[in-house]
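Heads up: the structure comes next, in structure tokens.
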Amino acid sequence: MVRQAVYYDVIDEKTYPYWYGIKFDEGDVDWKKETYYFEVSAPFERIRTADLDNSLISVSVDSADIVKNLEHPTKLGISLKRIRKRVLEYDADVRDINQFIILVADIEEILYSSHWER
């Protein structure tokens, strides 16, 4: 089952969202596809960054890995092709990955940009 959460820090008694995590079980992500689409929708599970589950195998999603698509206007996509290529450089297996980690700032930038991919 796919679960989404926002990892946050508290600084001077204010809460700052830092990472956006997408946790998934084996088979939830079809690694043969070019893109994995997800909807950014509140409410989010909130987890302190210090409580990041280190037992999960996570991969960082760069801003260049995130796409907007006219076919999926309410969703963002993650380029699985780019993730696969990067993971293979480390001689790892994408099927072992349990979580995507994205900077909240990157999601905000993509959501509010006018660049669309076809």
Side-chain angles (χ1 to χ4, degrees):
M1 181 173 89
V2 176
R3 299 160 312 280
Q4 298 181 34
V6 171
Y7 294 88
Y8 68 94
D9 283 326
V10 176
I11 301 169
D12 295 329
E13 299 180 25
K14 292 183 182 178
T15 302
Y16 294 94
Y18 191 67
W19 293 316
Y20 191 84
I22 302 172
K23 299 177 198 174
F24 48 88
D25 297 322
E26 186 177 337
D28 286 337
V29 174
D30 184 350
W31 288 100
K32 295 176 188 144
K33 290 190 174 185
E34 292 292 313
T35 308
Y36 172 79
Y37 289 98
F38 66 99
E39 190 152 3
V40 180
S41 58
F44 305 109
E45 178 183 2
R46 292 178 39 177
I47 303 170
R48 292 184 64 118
T49 55
D51 296 327
L52 177 68
D53 185 350
N54 291 324
S55 70
L56 295 174
I57 297 176
S58 302
V59 65
S60 294
V61 177
D62 299 330
S63 61
D65 299 330
I66 304 171
V67 296
K68 286 171 62 171
N69 190 305
L70 291 174
E71 295 174 18
H72 302 276
T74 63
K75 298 180 179 182
L76 292 179
I78 296 172
S79 171
L80 295 178
K81 180 180 179 180
R82 290 176 56 95
I83 299 292
R84 282 191 306 266
K85 181 180 178 185
R86 205 164 56 242
V87 168
L88 286 173
E89 290 174 2
Y90 291 96
D91 203 26
D93 189 336
V94 293
R95 294 174 294 182
D96 294 333
I97 296 170
N98 308 102
Q99 181 171 231
F100 295 125
I101 297 289
I102 309 165
L103 286 173
V104 168
D106 288 346
I107 289 177
E108 290 173 340
E109 181 179 332
I110 300 293
L111 283 174
Y112 299 114
S113 75
S114 60
H115 174 73
W116 291 82
E117 183 177 282
R118 295 189 184 271

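Side chains are part of it too, since the values below use all heavy atoms of this structure and drop only hydrogens, waters and symmetry mates.
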Within one Ile-Leu-Val-Met-Phe-Trp-Tyr cluster: Leu111 and Tyr36, side-chain cutoff 4.5 Å: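 In one cluster with Leu111: Tyr36, yes.
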Taking a hydrophobic cluster as the set of Ile, Leu, Val, Met, Phe, Trp and Tyr residues connected by side-chain heavy atoms closer than 4.5 Å, whether directly or through intermediates, do Val40 and Tyr18 fall within one such cluster?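 No, separate clusters.
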How close do [X] and [Y] get, heavy atom to heavy atom, and via which atoms?
X	Y	answer
Ala5	Ile47	CB-CD1, 3.8 Å
Tyr16	Ile11	CE1-O, 3.7 Å
Ser63	Ile110	O-CD1, 4.2 Å

A side-chain contact here means heavy atoms from C-beta on lying under 4.5 Å apart; do Arg48 and Tyr8 qualify?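 They are in side-chain contact.
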Any residue meeting salt bridge (charged side-chain N to carboxylate O under 4.0 Å, His left out) with Arg3, in chain and number order, not counting sequence neighbours: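 Salt bridge (charged side-chain N to carboxylate O under 4.0 Å, His left out) list for Arg3, sorted by chain: Asp25.
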Is any NZ, NE, NH1 or NH2 atom of the basic residue among Arg95 and Asp93 found under 4.0 Å from an Asp or Glu carboxylate oxygen of the other?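 Yes, charged N to carboxylate O under 4.0 Å.
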Less than 4.0 Å between a side-chain N and a carboxylate O, is that true for Arg86 and Asp65?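 Yes, Asp65 and Arg86 are salt-bridged.
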Distance (rounded to the nearest 0.5 Å) between Leu80 CG and Glu34 CD: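 Here the rounded value is 8.0 Å.
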For Ile78, the option from Thr35, Val67, Ile83 that meets side chain to side chain contact (heavy atoms under 4.5 Å, CB included):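 Looking at Thr35, Val67, Ile83, the match for Ile78 under the side chain to side chain contact (heavy atoms under 4.5 Å, CB included) is Ile83.
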Who pairs with Phe44 by ring pair (Phe, Tyr, Trp, His ring centres under 6.0 Å), at least two apart in sequence or on another chain?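 Phe44 satisfies ring pair (Phe, Tyr, Trp, His ring centres under 6.0 Å) with Tyr20 once adjacent residues are dropped.
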Are the side chain of Arg84 and the backbone of Trp31 linked by a donor-acceptor contact shorter than 3.5 Å?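 Yes.
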Contacts under 3.5 angstrom, residues 96-104 side chains, donor-acceptor by atom type, not counting sequence neighbours:
from  : atom 1 : to    : atom 2 : distance (Å)
Asn98 : OD1    : Ile57 : N      : 3.0
Gln99 : OE1    : Tyr7  : OH     : 2.9
Gln99 : NE2    : Ser58 : OG     : 2.9

